[in-house]
Protein chains: 2
Amino acid sequence: MEADHVIRALAALAQEHRLAVFRLLVQAGAEGLAAGVLAERIGVPPSSMSFHLTQLANAGLVTQRRESRSIIYSADYAAMNGLMGYLTENCCGGVPCGDAGACQPDPARPDPARKANS
Amino acid sequence: MEADHVIRALAALAQEHRLAVFRLLVQAGAEGLAAGVLAERIGVPPSSMSFHLTQLANAGLVTQRRESRSIIYSADYAAMNGLMGYLTENCCGGVPCGDAGACQPDPARPDPARKANS
DNA sequence: CCAATGATTCGATAAATATCGAAATATCGA
DNA sequence: TCGATATTTCGATATTTATCGAATCATTGG
């Protein structure tokens, strides 16, 4: 992962609402969440959420797919993995994590249908 | 680590010059580097470097100490560690890393295959 | 004390970001 | 086709960020 790409990913996560969105998407796993659901859970108007989702997508951290009228966003674990790899390698003294530290689609989350905003 | 703190740390690293500075400081280890040296290496005027160093310090990612006329900046590995921990915990599906992934002062690149602490 | 050195603060300015309502664009069900 | 639903795009605006030279503050050596 290149520095320029890393910077865009960091900038995408360096915002209250976007970080919250990404956390929700990580919890949601491959199933993902619709833009409107995210807007409601985070508490911002749809147009604002659309702006933030564009930023996240532009940084490569999320993917989108259309499902009927909704557009479903999902976290891109590979991208997050790449970001973590860069930070570990370049900003942590190069102490890696073996192979156990890979970002994965939520190993301990049985039911993503439960809403959990705190 | 609180979300608000995490966001400031992410924002601090989400800038070309500051990311470069932090990488230099990680490489430099506990010895650190003077503000002027950083300004020269990165290629920005001292006042601009001071601005960026303030951002990094404000985010808790670097510490400073005066040494004669110079002010020496060092990477705060614990803070970076906290950031990585938060991201792993909240943005990576909660796949932890044991203690092997801790950020450390770059002791000349140790064996990458090193597993959990013995 | 004074001049030199290293760093920060202070303007002032250009650029990027975040916000949100209104309008436009898809999709579906009937 | 029509109306309802879901999302994005478009303006317009307020805020934050990045930049840099000039001035200021702190430290050292003579």
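The model shown is predicted, which means the values in this text are computed figures rather than measured ones. FYI, side chains are in, hydrogens and waters are out, and symmetry mates aren't considered; it's all heavy atoms of this structure. Labels below follow one simple rule: chain letters A, B, ... track the order of the sequence lines, proteins then strands, and each chain is numbered from 1.
Here A34(A) lies in heavy-atom contact (under 4.0 Å) with sugar-phosphate atoms only.
A single hydrophobic cluster is seen to contain both I71(A) and L61(A), as judged by linkage of ILVMFWY side chains at heavy-atom distances under 4.5 Å, directly or through other members. Linking ILVMFWY residues whenever their side-chain heavy atoms come closer than 4.5 Å, directly or via other members, places I7(B) and M49(A) in the same cluster.
For A34(A), the side-chain contact (heavy atoms from CB on, under 4.5 Å) criterion is met by V37(A), S70(A), I72(A), not counting sequence neighbours. In this structure, the side-chain contact (heavy atoms from CB on, under 4.5 Å) partners of A20(A), at least two apart in sequence or on a different chain, are I42(A). Residues satisfying the salt bridge (Lys or Arg N to Asp or Glu O under 4.0 Å) criterion with R65(B), sequence neighbours excluded, are E67(B). By the side-chain contact (heavy atoms from CB on, under 4.5 Å) test, S50(A) is found to be paired with no residue, residues two or more places apart in sequence or in another chain being considered.
Closest non-hydrogen pair, L53(B) versus A35(B), comes out as CD1-CB, 3.8 Å.
Between E40(B) atom CD and dT5(C) atom P there is a gap of 15 Å when expressed in whole angstrom units. Between L53(B) atom CG and dG6(C) atom P there is a gap of 16 Å when expressed in whole angstrom units. Here dA16(C) presents its C1' atom at 14 Å from CG of N58(A), a figure rounded to the nearest Å. Protein atom CE of M49(A) is 11 Å distant from nucleotide atom P of dT7(D), rounded to whole Å. A straight line from CZ of R65(A) to C1' of dT7(D) spans 15 Å, rounded to a whole angstrom. Rounded to a whole Å, the CD1 atom of I72(B) is 13 Å from the C1' atom of dT27(D).
C103(B) pairs with C92(A) as a disulfide, the SG atoms being under 2.5 Å apart.
Between the CZ atom of R18(B) and the CG atom of L25(B) there is a distance of 13.5 Å, given to the nearest 0.5 Å.
Secondary-structure annotation of DNA chain C gives the stems C:1-30 with D:1-30, with a stem taken as at least 3 successive Watson-Crick or G-U pairs whose two distances both fall under 3.5 Å.
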For this session: For each nucleotide in nucleotides 18-30 of chain C, reading 5' to 3', give B when a protein heavy atom comes within less than 4.0 Å of its base, S when such contact involves only the sugar-phosphate, and - otherwise.
Result: BBBBB----BB--
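Taking 4.0 angstrom as the limit, Y73(A) places none of its side-chain polar atoms (N or O) nearer than this to OP1 or OP2 of dA6(D).
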